[in-house]
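What follows is a short report on a single structure.
Every heavy atom of this structure was used, including side-chain atoms; hydrogens, water molecules and symmetry mates were not. Chain letters run A, B, ... following the sequence lines, proteins first and then strands; every chain starts at 1. Note that the structure is predicted; figures quoted are calculated from it, not measured.
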Amino acid sequence: SEDPAGFRDQVSILFAEWYRICELPGANDAAFNHFILQLHQNGLLKGDDMTDRFFRLLTEISVAHCLSSEVINSGALQSPQQIQNLSFLAIDIYAKLVFSILKGSGKTALLSRILAVTVRFIQKDAEEKKGSFNPRPYFRLFINWLPDLGSLEPIVDGANFQILTAFANAFHALHPLKIPAFSYAWLELVSHRSFMPKMLTGNSQKGWPYIQRLLVDMFQFMEPFLRNAELGPPVHFLYKGTLRVLLVLLHDFPEFLCDYHFTFCDVIPPSCIQMRNIILSAFPRNMRLPDPSTPNLKIDLLAEINQSPRILSEVDGALKSKQMKADVDEYLKTRQQGSSFLADLKQKLLLPPSEAASAGTRYNVPLINSLVLYVGMQAIQQLQARSPHAQSTANTVTLAVFLVGAALDIFQTLIVELDTEGRYLFLNAVANQLRYPNTHTHYFSFVLLYLFAESTQEIIQEQITRVLLERLIVNRPHPWGLLITFIELIKNPRYNFWNRSFIRCAPDIERLFESVSRSCG
Amino acid sequence: DLGAIGDNLGGSSMTTGGMHDQFYNLQMLEAAFYKLPQPKDSERPRSYTPRHPAITPPSYPQVQAPIINNPALWDRLGLETYGTDTLFFAFYYQPNTYQQYLAARELKKQSWRYHRKYQTWFQRHEEPKVATDEYEQGTYVYFDFHVNNDDLQHGWCQRIKTEFTFEYNYLE
Amino acid sequence: LGIDLTTLGLNLNSADNLHKTFGSPWSDEPAKGDPDFNVPQCYLIK
């Protein structure tokens with residue numbers, strides 16, 4: 001509904017008054033507080049509809065002022081690359097007003113309200129302006145707020161965290177799939193040193209799910225564009241920026257990447273091997289990884305190999321959403337030979353044709369990922385249940401027990417029944433568990449090697465090799481469990497690797513394997 | 001509402017899943033590519049405006065030398081040999097600046113502790129007589145400003161305070 | 001084959017946290033200007 005008559009003028013007069021106070025030399029808190037008291041007395045800060053109108057108009061005035069400064073420059077011939085000089089004076093003054101209001105009140109509810117007004121304003125502006133939307137005024141607004149508000153004295157316990165989550169929710173409401181024209185500014189704000197690290201430090205990791213959700217927002221936006229090997233300059237620029245953010249996370253917060261690897265692998269396309277390797281290479285900072293090329297390395301003697309990794313993602317989410325979990329549990333428990341469970345499996349992993357086109361694959365990749373990891377986790381649990389005393393490692397539980405089991409039936413059915421694409425996605429789901437030393441790495445490494453040894457079709461052995469190799473020939477980093485598995489495959493005569501014809505299927509492939517065998521010692 | 005991640009990752013994660021189609025998204029991204037945030041968009045001048053600027057002859061430097069914000073300088077000034085006056089000067093006369101922050105850090109390294117309520121730095125003169133989870137009690141040195149009414153002498157000094165209770169919730 | 005990630009301007013062997021000087025996803029320079037520090041309110045003597 002329309003603003004009350006004259007309200008807009010009233011707000012711009014107040015804003016001009018605030019600007020004058022700020023520009024006074026040696027302006028002090030008393031003048032600020034007096035002005036803010038007036039706003040309270042005018043009923044503008046109650047947190048009601050008038051409050052929303054007040055801040056929306058202030059946003060409009062300060063953004064318009066900022067963009068009007070751009071108009072002046074456009075007289076000069078403007079090549080797209082030429083950077084507009086914008087004046088952020090009004091934006092900074094407005095940001096300071098919000099900060100001054102909140103500093104005194106300590107009420108995060110008002111901040112949430114102001115952020116909601118700001119988000120709606122940006123969404124509307126982006127929808128109206130489309131290609132001519134300019135994200136920079138809004139970027140500057142948040143750049144003002146994040147360091148100041150994010151470090152406000154916690155007047156009430158946990159106030160800081162509430163402020164940070166208010167920003168996290170605002171960023172989620174502005175994510176690239178909603179406002180693609182805000183994508184670059186958005187990633188810079190989400191990864192800002194006054195925000196992301198604070199969300200990932202302290203507060204007993206309560207901030208982790210928010211950052212995970214924001215990263216998923218980023219990956220989901222890029223996913224369709226990253227399926228192609230060739231990226232246009234805008235996408236490549238965004239991709240490189242995301243790599244930088246992931247490297248900061250890998251270096252400073254590896255446990256965060258470890259614990260959410262499953263979710264991230266769902267939204268990173270299989271073709272983004274290096275980006276996925278960054279996530280899979282993360283390992284807890286207190287862990288020391290033995291060099292994979294150590295001769296006769298006995299990984300099942302490593303203490304960590306018996307510890308299950310922490311997984312914060314909802315592993316069985318996709319299984320549940322497709323009503324498959326009960327059938328899987330039933331089969332794992334009873335291993336009913338007669339049941340049609342195994343026979344129907346492949347069909348259930350396919351996407352409806354209507355979704356296949358936009359998904360870029362005929363298969364439901366998150367469902368395959370969920371099935372593989374969930375089944376593996378159940379198998380590991382069964383193993384640990386059978387030999388609680390020795391904290392199961394494969395060499396304490398006879399290999400036979402380990403390898404037979406319902407889980408292996410499922411994996412063997414998939415590896416034989418699926419077509420090349422399906423098998424590739426299945427093997428990817430398995431290879432995504434080859435990370436730092438833990439029970440999953442151990443188990444899925446066995447599964448891959450077992451499927452290689454037991455399969456009668458060379459195409460399967462070739463595809464297993466390919467899935468491992470394509471993750472190794474990309475630039476570093478390479479996950480520890482991946483190296484361990486590949487070295488075992490090429491060194492252990494049980495797999496008869498060097499007599500497989502496919503390693504000589506072309507001269508450059510032959511050379512590739514020779515160089516690999518040299519580098520793996 | 002965080003649990004929704006699992007749901008919207010169901011079948012649809014491989015599609016754009018968003019409000020617009022891929023072509024629109026790419027178009028908007030390309031438009032944004034020419035309006036990237038610039039480094040100066042993030043620079044916020046932490047201009048230090050002295051409250052009571054001392055008027056100095058124009059021949060004096062009119063802005064602070066950049067080295068004053070170099071942590072290495074304050075590591076050196078924090079050495080015992082240089083005493084604490086410089087640190088206290090920076091702390092009390094350069095409010096809300098990086099050097100104030102660095103000076104405070106050096107004072108802390110020398111086991112000075114800032115009392116939020118008295119806005120004064122205290123240092124144990126000897127082991128406290130009483131120490132509980134909430135407070136400690138004993139004799140302390142503290143850095144204070146004093147005014148001598150008779151001879152109008154005034155200035156900063158260090159004093160001894162016996163039987164002082166330092167409540168930890170006032171410890172910054 | 002991906003890219004050589006050491007060319008992105010981040011010192012991956014640094015003993016310190018990278019996020020303190022992380023300037024932006026678009027630049028391979030560490031954060032410039034005043035480092036991020038916050039003076040507690042109680043330091044601002046009334």
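The shortest heavy-atom contact between A/S358 and B/Q22 is O-NE2, 4.0 Å. Here the closest non-hydrogen pair linking A/G131 and B/A31 is O-CB, 3.4 Å. Residues B/K35 and A/P135 approach most closely at O-CG, 3.6 Å, considering heavy atoms. The two residues A/N85 and B/K40 have their closest heavy-atom pair at OD1-CE, 3.4 Å.
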- Passes side chain to side chain contact (heavy atoms under 4.5 Å, CB included), A/L238 versus B/F33? Steps please. CA-CA 9 Å; A/L238 192 61; B/F33 187 52; over 6 Å; no
- Message: Pair B/D41, A/L86 - check side chain to side chain contact (heavy atoms under 4.5 Å, CB included), show working.
- Response: CA-CA 9 Å; B/D41 295 9; A/L86 297 176; 5.6 Å; no
- Task: Decide yes or no on side chain to side chain contact (heavy atoms under 4.5 Å, CB included) for A/R140 and B/S42, but give the supporting numbers first.
- Result: CA-CA 7 Å; A/R140 178 70 180 194; B/S42 298; over 6 Å; no
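Within a 6.0 Å radius of NE2 in B/H115, other residues, nucleotides and ligands contribute more than 12 heavy atoms. Remark: A/K348 NZ is packed, more than 12 non-hydrogen atoms of other residues, nucleotides or ligands lying under 6.0 Å away. The number of heavy-atom neighbours closer than 6.0 Å to CZ of B/F145, taken from other residues, nucleotides and ligands shown, is above 12.
Each of A/I91, A/D316, A/N134 has some count of heavy-atom pairs under 4.5 Å with chain B, and the biggest count is that of A/N134.
The side-chain heavy atoms of B/L29 and A/Y184, taken from C-beta on, include a pair separated by under 4.5 Å. Within the 4.5 Å cutoff, the side chain of A/K130 has heavy atoms near those of the B/Y24 side chain.
With a 4.5 Å cut-off on non-hydrogen atoms, A/V235 touches chain B through its backbone and its side chain both. In this structure, chain A has heavy atoms under 4.5 Å from both the backbone and the side chain of B/E30. Heavy atoms closer than 4.5 Å to chain B are found in the backbone of A/F133, but not in its side chain. A/P352 does not touch chain B: none of its heavy atoms, backbone or side chain, sits under 4.5 Å away. At a 4.5 Å heavy-atom cutoff, A/I179 makes no contact with chain B through either its backbone or its side chain. For A/N144, the parts sitting under 4.5 Å from any heavy atom of chain B are the backbone and the side chain alike.
A salt bridge (Lys or Arg N to Asp or Glu O under 4.0 Å) check over residues 94-115 of chain B, counting only residues at least two apart or in different chains, returns the pairs B/D75-B/K109, B/E106-B/K109, B/R113-B/E136.
The salt bridge (Lys or Arg N to Asp or Glu O under 4.0 Å) check on A/K129 picks up A/D125, with sequence neighbours excluded.
A distance-only check finds no donor-acceptor pair linking the side chain of A/R136 to the backbone of B/P37 [under 3.5 Å].
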